[in-house]
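So the structure is just underneath, and the comments pick up after that.
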Amino acid sequence: MYYYCAIFLVLRLLARADTSFAEPLSLTSCAPKCFEYGTCNPETQRCECPLLWYGLDCSVPFPKPKEQCAAYAHSFMSCGSNDRSQCLNSCNGRGSCDGGFCNCYPGYYGADCALSLGPDGRPELLAGQGYVPRQHGIKIYVYELPPMTNTWVSISRLDRPLVAALMQRLLSSGVRTADGDSADFFFIPLVMRTKGQAATHLKAVVYYIRQHWPWWDRLQGGHRHLLVVPADLGRRSLPEEHLQMTENVTYLTHWGLHSNHSAGRWVESHRPGRDIVLPPLHNADEPIVFSPLHVLNSRHKERTRGLFFAGRICGDGKAPHEGRCDDTKSSFSGNIRQRVSMHHWNRTGWTVANHVKAYTSALSSHTFCLSPSGGGYGRRSVQALIMGCVPVLLGDGLHQPFEPEVDWSQFAVRVPEEDIPHLHHVLEAINESKIEELQGRLWCAAQHMYYSTTYGEVMGEDGRFDAFEMLMEILRMRRDHPDLDPREYTQMDTSFADFIDCKLAPTGGRVALCSQNRLVKASGEPRLRPCRNEHPGLQMRSIHMFYSWPGGAVCGQNWTIAACPRSWI
């Protein structure tokens, strides 16, 4: 079914001619029955279809629906689900949710039905709802791709929904623009994480963009275009042909390897100054909801000086015997976890193990938390920050999230791999004054690494400095200082420096985020609102379903995204 879909997409692309916005667009460009079965996109003159339908007017049912559902990570039940929490921004009230696909009412179109045509025949965002684009900062144009490239995939089965989270916040933050000619950057919302949305779609998507919009070719083959690749090895998960085709694109990945790593057999992937390393999304079911950095908890609780790590150590997943792994798969973690275990498995006051019973408690009670890579990118450095534990970074040539734009040496300890046998001496040499200095910076640094405007606060933060806004600030610097070394951002731009230090004053007022912190919920603190209770009418099977709040948790009870509160105007 995957190959059938890919071939079908390419055939549709070849059938279309170049579309220019120089002339007014019209919703009459689609087949008449399109408004009965699908959504008409006047920009591409295509009828976009729900998951189980196809054809020029979406009136033909797929002959093998179960196979089609499975190709996009759906169960047969979820394929036709009308649960609004499965659809981007709940379709903005302008369409019905059909298995994650927004089937827009006549006159509206787009992945979340946010678009319509104005009196001049040009696209508008949330027309009639009082939507005001952000006055300051950058503007990003979002391409409307065929739903098979993004919204057909089951969001509840997608383990790294970064594309969806960014699409959601670009609109509610006011950063998104419908005018590509005034945009600073262009976002390609292609999901490349599941079998049905494999990276082989990328070539067809680039062709599709070039056929229907002028900006790829105007901007030197994709310059200022943003593409998310959340795979373990980032760009290097793609074929060389695709890397050449997207050479000028800015990749948003979780993998920051900027030089070859022989032990891991990893080839450099990240291009500092071109690509951006984003933190992984930590959902609200994880230990971070007990963050000791929260204002209701003690930020300076007593901690042991020891090092903590719990997780997979050996490549085969088995527990090491007296610190040593039996398997020969040393490429896992670049042989970092294995060497730490071998040298320090029984060190007094240290925990280096495959599993511990009280994981959350251990994160909260140790001064240092080991943050190595895994089979590629790792999540532990960000998790340690949010839990108030100083990350100990191991991985030569590996940039952490938002590095080098953010200086991790201000709140973490980086140790060369050659010093792994002497890691205990390195940590013992750090005096109490330095530890207090590192710990004092954790609360601000952790805000930059967590998507609180998407998931809700866990540290008492208001979302002004969260991961999404951090990305917007870096893009602003790319626009304003295109030739500046990212390591010099804080020296050359005082506004960026204040943002990094969480000192930049809001221009639109403070925003009260809802809270995912379980301790907050149990406390009954009246000043804080639990996110789970925002919209009890939704069929929320899990509180980490960020789609449950149109526009993200920052919007709270504002179902109309145009009315979502903003820290920045």
Side-chain angles (χ1 to χ4, degrees), residues 88-89 92 110-115 123-127 129-145 150 161-190 213 215 219 224-228 249-250 252 276 278-279 281 402 405 447-448 450-455 462-482 493 495-496 499 504 506-509 511 513 546-547 549-556 558 560-569:
L88 178 63
N89 291 328
N92 283 299
D112 57 359
C113 304
L115 289 162
E124 293 184 340
L125 286 170
L126 299 180
Q129 295 186 6
Y131 181 79
V132 178
R134 190 178 289 192
Q135 300 174 25
H136 306 287
I138 62 169
K139 296 180 181 179
I140 297 179
Y141 181 89
V142 179
Y143 288 111
E144 288 295 342
L145 301 180
N150 43 54
L162 184 57
V163 169
L166 292 177
M167 289 175 70
Q168 181 194 62
R169 285 291 293 129
L170 285 171
L171 182 64
S172 62
S173 67
V175 170
R176 183 176 171 183
T177 179
D179 179 12
D181 290 331
S182 67
D184 301 302
F185 295 93
F186 298 81
F187 185 68
I188 304 173
L190 170 62
W213 295 278
W215 301 297
L219 297 169
R224 287 166 44 196
H225 281 63
L226 311 174
L227 182 65
V228 173
V249 167
T250 292
L252 308 179
I276 302 175
L278 296 188
L281 290 107
F402 296 132
E405 293 85 0
Q447 291 185 60
H448 298 322
Y450 178 60
Y451 300 83
S452 56
T453 55
T454 293
Y455 288 112
D462 60 11
R464 280 183 292 148
F465 307 108
D466 84 331
F468 175 82
E469 295 295 348
M470 183 76 247
L471 172 60
M472 296 303 106
E473 268 296 291
I474 291 175
L475 291 175
R476 180 187 68 80
M477 292 296 293
R478 298 282 178 91
R479 181 198 65 185
D480 296 347
H481 309 281
D493 191 292
S495 178
F496 184 83
F499 186 95
L504 194 64
T507 57
V511 175
L513 294 180
F546 62 85
Y547 269 16
W549 303 283
V554 67
C555 292
N558 293 287
T560 302
I561 287 182
C564 288
R566 299 177 188 167
S567 296
W568 317 114
I569 59 173

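All values below were derived from every heavy atom in this structure, side-chain atoms included, with hydrogens, water molecules and symmetry-related copies excluded.
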Worksheet item: For Leu88 and Asn150, what are the C-alpha separation, side-chain angles and deciding distance, and is it a side chain to side chain contact (heavy atoms under 4.5 Å, CB included)?
Response: CA-CA 10 Å; Leu88 178 63; Asn150 43 54; over 6 Å; no

Item to complete: Could you tell me whether Arg566 and Glu469 have a side-chain N and a carboxylate O separated by less than 4.0 Å?
Response: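 Salt bridge: no.
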
Practice prompt. Output yes when Glu144 and Arg176 qualify as a salt bridge under the 4.0 Å nitrogen-oxygen rule, no when they do not.
Written response: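 Yes.
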
Measuring from atom [atom1] of [X] to atom [atom2] of [Y], what distance do you get when rounded to the nearest 0.5 angstrom?
X	Y	atom1	atom2	result
Glu473	Leu504	CD	CG	7.0 Å
Gln129	Thr560	CD	OG1	5.0 Å
Tyr451	Met470	OH	CE	11.5 Å

Could you tell me which non-hydrogen atom of [X] sits nearest to which non-hydrogen atom of [Y], and how far apart they are?
X	Y	answer
Leu115	Ala178	CD2-CB, 4.1 Å
Ser452	Ala553	O-CB, 4.3 Å
Tyr131	Leu170	OH-O, 4.3 Å
Leu145	Pro189	CD1-CD, 3.8 Å
Val249	His225	CG1-O, 3.4 Å
Leu227	Leu190	CD1-CB, 4.4 Å

Keeping the roles fixed (side chain from [X], backbone from [Y]), state whether a donor-acceptor pair exists under 3.5 Å.
X	Y	answer
Asn89	Gly551	yes
Arg224	Trp215	no
Ser567	Pro506	no

Discussion item. I'd like to know whether Ser182 forms a side chain to side chain contact (heavy atoms under 4.5 Å, CB included) with Lys139, so could you lay out the CA-CA distance, the side-chain angles of the two residues, the decisive distance to 0.1 Å, and finally the verdict.
Written reply: CA-CA 7 Å; Ser182 67; Lys139 296 180 181 179; 4.3 Å; yes

Worksheet item: Among Asn92, Ile140, Val142, which residue meets the side chain to side chain contact (heavy atoms under 4.5 Å, CB included) test with Leu171?
Response: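 Among the candidates, only Asn92 passes.
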
Fill in: Matching residue for Ile138 among Leu475, Leu471, Thr177 - test: side chain to side chain contact (heavy atoms under 4.5 Å, CB included)
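The single option meeting the side chain to side chain contact (heavy atoms under 4.5 Å, CB included) with Ile138 is Leu475.
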
Discussion item. Does the plane of the ring in Phe499 sit parallel, tilted or perpendicular to the ring in His448? Use 30° and 60° as the thresholds.
Written reply: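 It falls in the parallel class, under 30°.
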
Worksheet item: Taking the six-membered ring for Trp, are Trp568 and Phe465 parallel (under 30°), tilted (30 to 60°) or perpendicular (over 60°)?
Response: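 Plane angle over 60°, so perpendicular.
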
Item to complete: Determine the sole option in Thr454, Thr453, Asp466 for which the side-chain hydrogen bond (donor to acceptor under 3.5 Å, both in side chains) test with Arg169 is passed.
Response: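 Of the listed options, the one satisfying the test is Thr453.
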
Practice prompt. Could I get the full list of side chain to side chain contact (heavy atoms under 4.5 Å, CB included) partners for Cys555, not counting sequence neighbours?
Written response: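 Here the qualifying residues are Ser172, Cys564.
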
Worksheet item: Is there side-chain contact between Tyr141 and Trp213, with at least one heavy-atom pair below 4.5 Å?
Response: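 Side chain of Tyr141 against side chain of Trp213, heavy atoms only: contact under 4.5 Å found.
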
Item to complete: Decide side chain to side chain contact (heavy atoms under 4.5 Å, CB included) for Phe402 and Leu278; before the verdict, give the C-alpha distance in whole Å, the side-chain angles of both, and the deciding distance to 0.1 Å.
Response: CA-CA 6 Å; Phe402 296 132; Leu278 296 188; 3.3 Å; yes

Discussion item. Does the structure place the NZ or CZ of Arg478 under 6.0 Å from the centre of the six-membered ring of Phe496, at an angle of no more than 45° from the ring's axis?
Written reply: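 Checked: cation-pi criterion not met.
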
Discussion item. What verdict does the side chain to side chain contact (heavy atoms under 4.5 Å, CB included) test give for Phe187 and Val228, after you've listed the backbone C-alpha separation in whole Å, the side-chain angles of each residue and the deciding distance to 0.1 Å?
Written reply: CA-CA 9 Å; Phe187 185 68; Val228 173; 3.8 Å; yes

Worksheet entry | ring pair (Phe, Tyr, Trp, His ring centres under 6.0 Å) involving Phe185 - partner list, sequence neighbours excluded |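 Result, ring pair (Phe, Tyr, Trp, His ring centres under 6.0 Å) vs Phe185: none returned.
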
